[in-house]
Protein chains: 6
Amino acid sequence: MSFNHFDASGNAIMVDVSEKVPTLRTAIAGAVLSLKPETVQAIVSGRVAKGDVLGVARIAGIAGAKKTPELIPLSHPLALHHVSIEFEVDEQKGTIAVLATVRAFERTGVEMEAMAAATVAALTVYDMCKGSDKGIVISEVKLHYKEGGKSGVFKREA
Amino acid sequence: MSFNHFDASGNAIMVDVSEKVPTLRTAIAGAVLSLKPETVQAIVSGRVAKGDVLGVARIAGIAGAKKTPELIPLSHPLALHHVSIEFEVDEQKGTIAVLATVRAFERTGVEMEAMAAATVAALTVYDMCKGSDKGIVISEVKLHYKEGGKSGVFKREA
Amino acid sequence: MSFNHFDASGNAIMVDVSEKVPTLRTAIAGAVLSLKPETVQAIVSGRVAKGDVLGVARIAGIAGAKKTPELIPLSHPLALHHVSIEFEVDEQKGTIAVLATVRAFERTGVEMEAMAAATVAALTVYDMCKGSDKGIVISEVKLHYKEGGKSGVFKREA
Amino acid sequence: MSFNHFDASGNAIMVDVSEKVPTLRTAIAGAVLSLKPETVQAIVSGRVAKGDVLGVARIAGIAGAKKTPELIPLSHPLALHHVSIEFEVDEQKGTIAVLATVRAFERTGVEMEAMAAATVAALTVYDMCKGSDKGIVISEVKLHYKEGGKSGVFKREA
Amino acid sequence: MSFNHFDASGNAIMVDVSEKVPTLRTAIAGAVLSLKPETVQAIVSGRVAKGDVLGVARIAGIAGAKKTPELIPLSHPLALHHVSIEFEVDEQKGTIAVLATVRAFERTGVEMEAMAAATVAALTVYDMCKGSDKGIVISEVKLHYKEGGKSGVFKREA
Amino acid sequence: MSFNHFDASGNAIMVDVSEKVPTLRTAIAGAVLSLKPETVQAIVSGRVAKGDVLGVARIAGIAGAKKTPELIPLSHPLALHHVSIEFEVDEQKGTIAVLATVRAFERTGVEMEAMAAATVAALTVYDMCKGSDKGIVISEVKLHYKEGGKSGVFKREA
């Protein structure tokens with residue numbers, strides 16, 4: 001097995017995509033936060049009066065997608081055409097699932113942008129809740145869906 | 001429960017830490033990548049000849065710590081004094097554990113810097129391996145240890 | 001009259017503040033948006049259901065304060081200890097006043113950070129409303145208050 | 001009235017422009033600084049010997065246009081093809097008008113880039129003059145002209 | 001002689017390239033570090049056990065190419081399609097030659113991106129070696145090759 | 001010989017400086033551009049009418065110093081207190097020498113900030129002149145002077 005982010009001598013490169021044809025690319029990635037149920041309840045019930053934790057995290061996630069070329073050393077700078085962040089909250093289980101969708105008409109995929117968006121949104125929720133809930137864990141950071149380009153559609157099994 | 005990143009009216013703020021006394025702060029955070037065992041073996045065995053995946057990810061993680069104030073909206077810009085990233089590889093299980101340590105003499109903690117460092121390092125491993133291993137999952141993103149400041153030492157139970 | 005951002009030969013410099021003693025600095029700056037009254041009403045009434053325009057702008061303003069050393073060429077990088085953004089809405093007149101407060105224990109003032117925070121928050125409101133209200137004007141961008149350092153307190157007359 | 005930077009549930013998004021056809025876009029935005037007449041005279045007369053305030057501000061404005069996707073949370077990263085900044089100085093009245101022109105062949109308009117360029121240029125003039133002129137006010141921050149895209153030409157009445 | 005980064009009045013501008021047709025652009029630029037021979041030997045022999053100086057510098061150079069629009073005030077933001085960094089080491093002479101290649105399908109050339117990549121890689125080698133070798137000099141920073149666009153191929157004589 | 005930017009296992013780290021005492025640090029670094037004499041003459045004679053090449057490069061150099069922690073992977077983020085850039089022009093020989101001075105009260109030196117400032121200023125001159133002078137070479141990029149910290153004063157022999 002070899003890694004395409006390195007040349008034949010093992011040197012890291014930004015892979016040459018200049019010969020590829022731009023196509024419409026979509027990627028959906030997710031992350032799941034596990035918190036104390038009372039933290040999740042406080043987030044949900046307090047949204048208007050006490051502060052909109054998820055609203056702040058959403059903005060951070062969108063900005064995170066735009067920061068991808070600065071965060072991931074060998075990634076290409078891409079002209080993103082769409083970023084959205086959704087949250088699915090389960091107050092009983094104490095979980096918040098983040099789902100980030102990114103779209104661009106480009107020569108290479110937008111998986112890393114979706115992964116970065118989901119992760120930065122999750123880290124931002126963590127930041128705002130860590131004062132009262134030190135045990136928070138982020139897991140299930142993964143690609144859910146990918147479309148566009150030669151490799152076709154990828155859809156993770158449930 | 002209320003969140004200290006919002007004021008009494010529920011507006012997001014960068015919390016005022018100007019009255020706090022600077023102390024030496026340390027934080028250790030981690031993340032775990034689950035890959036195909038053959039991907040992990042290729043990373044380990046190919047380090048010199050085929051490309052140093054973990055070496056690239058380590059640099060990305062250190063840079064990620066420095067980017068924290070740009071990634072986490074309500075975080076304070078801090079003068080970091082130390083960042084290191086360690087990897088613990090289990091070829092059998094197909095896991096790579098990332099451990100990021102951050103230290104600074106500051107008025108507020110460096111947890112988010114350690115969390116960002118671990119996460120960006122893990123995302124960078126993902127980026128370099130996603131071509132041949134689409135099922136990679138990042139989990140166990142969490143704070144392991146924290147020292148300094150009024151709240152004292154935090155140490156996560158194993 | 002000469003400008004202290006230039007040396008004796010007229011060359012732009014980042015002024016040497018290394019001999020100055022750090023003190024607690026506060027600055028408050030503002031900006032006023034003039035919109036159609038119905039735009040302001042839509043912002044206020046739609047906050048929960050249709051989207052929190054001011055919540056997004058507040059996050060942008062706080063991030064803008066942190067970006068000051070990148071925006072203002074001769075400014076010093078400062079370790080900000082507090083940033084907050086308040087909005088005062090007048091639905092009748094169709095105005096939204098932005099007020100940004102910044103605090104830091106530093107060798108030089110934080111006026112530019114407060115000015116940048118107020119301006120970026122106002123530009124972000126503009127961005128979200130420009131689709132339906134092309135005539136928006138931002139005015140009254142100015143320093144309201146400043147404290148700390150040798151020059152003492154500055155308070156703008158009403 | 002609804003805002004197109006939010007989805008049907010009121011969540012902030014980077015609007016999907018992937019289906020739009022790129023066209024040549026131009027935007028012109030302005031800002032006006034009001035200073036003490038003697039400050040404006042010092043800027044004009046001292047340009048060569050004492051320091052080129054407007055030259056520094058022009059560079060800041062051009063850089064500000066390039067920073068727009070980092071400043072305005074829901075804006076798209078765009079490949080700018082042209083940025084220029086002009087100043088119109090009135091020594092009698094003590095005003096400096098900033099005019100920023102931005103052009104790009106893109107799927108969405110460049111208004112925010114022109115607004116950011118004009119504003120950052122004005123803030124930079126403010127920064128260099130605030131030592132001797134604390135009362136400076138920036139006003140008339142607004143879009144003057146816009147061309148390209150489906151909505152056609154916008155030209156502000158004088 | 002006049003400079004095309006300034007308009008007819010001598011004002012700095014980001015030159016308008018909107019009328020130019022995108023073509024495939026390549027640029028190769030270099031830099032040469034002169035160190036003590038024993039420093040170069042330590043870099044080469046210690047690569048695996050003591051730390052991969054050139055591996056770190058390569059990542060910095062690739063990131064440096066992506067940072068070009070932020071570093072060079074009048075440069076255009078470009079969507080880079082390829083960046084690679086090669087090192088040619090002469091242990092006898094104590095030199096390390098850096099060679100950076102950049103490629104993009106754009107309206108303007110990528111010389112500055114290649115120059116920035118080579119320079120940042122060289123500065124990063126300097127940073128890691130300066131503790132034991134204060135006399136390091138970087139020279140021969142120059143364009144080696146350029147292809148694409150109206151001006152055709154440029155190839156520096158040896 | 002070992003490099004202090006790597007730990008005992010050869011892993012790159014941001015060296016821990018938390019135990020060091022802050023002292024006043026100064027560093028002076030330089031770079032020399034070799035151009036066609038007529039290019040240098042055009043720069044000097046055209047400063048007012050045709051565009052201030054060196055004025056733009058000076059601003060870029062100061063901004064470059066502030067960007068150091070983003071450019072040099074293992075460098076510490078530092079609160080710079082002073083940056084200045086001087087040019088020494090020799091029209092006969094066709095050279096422009098850049099000299100960058102940086103000062104900060106910090107736990108670690110500011111050499112890299114001075115090196116980055118000198119280099120970015122030189123690259124910016126290159127950018128503005130490359131249209132008419134493709135043979136420009138930057139050389140003599142080196143540290144001239146360093147003061148502060150345990151290692152004392154370093155002064156390069158002429």
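In what follows, every heavy atom counts, from backbone to side chain, and hydrogens, waters and symmetry copies are set aside. First the proteins, then the strands, lettered A, B, ... as listed; each starts at 1.
Heavy atoms of B:Leu71 lying under 4.5 Å from chain A belong to its backbone as well as its side chain. Residue contact with chain A, scored on non-hydrogen atoms closer than 4.5 Å, involves the backbone and the side chain of B:Thr124 alike.
Residues of residues 54-69 of chain B having a heavy atom under 4.5 Å from any heavy atom of chain A, listed by number: B:Val56, B:Ala60, B:Lys67. Contacts between residues 142-153 of chain A and chain B, counted as heavy-atom pairs separated by less than 4.5 Å, involve A:Lys142, A:Leu143, A:Lys146. Within residues 96-115 of chain A, the residues approaching chain B closer than 4.5 Å by heavy atoms are, in numerical order, A:Glu111, A:Met112, A:Met115. Against chain A, the residues from residues 11-24 of chain B that qualify, each with a non-hydrogen atom under 4.5 angstrom away, are B:Ala12 in number order.
Inter-residue side-chain proximity for B:Val141 and A:Val137 is flagged as unmet; no heavy-atom pair is nearer than 4.5 Å. Taking 4.5 Å as the limit, some side-chain heavy atom of B:Val53 sits within range of a side-chain heavy atom of A:Phe6.
How far CZ of B:Phe3 is from CD1 of A:Ile43: 4.5 Å, rounded to the nearest 0.5 Å. To the nearest 0.5 angstrom, B:Asn4 atom CG is 8.0 Å from A:Ser132 atom OG.
Heavy-atom minimum distance, B:Lys134 versus A:Arg156: O-NH2, 3.5 Å. Between A:Ser139 and B:Glu140, the closest heavy-atom pair is CB-N, 4.1 Å.
The candidate with the highest count of non-hydrogen atom pairs below 4.5 Å against chain A, out of B:Asp127, B:Ile136, B:Ile72, B:Thr119, is B:Asp127.
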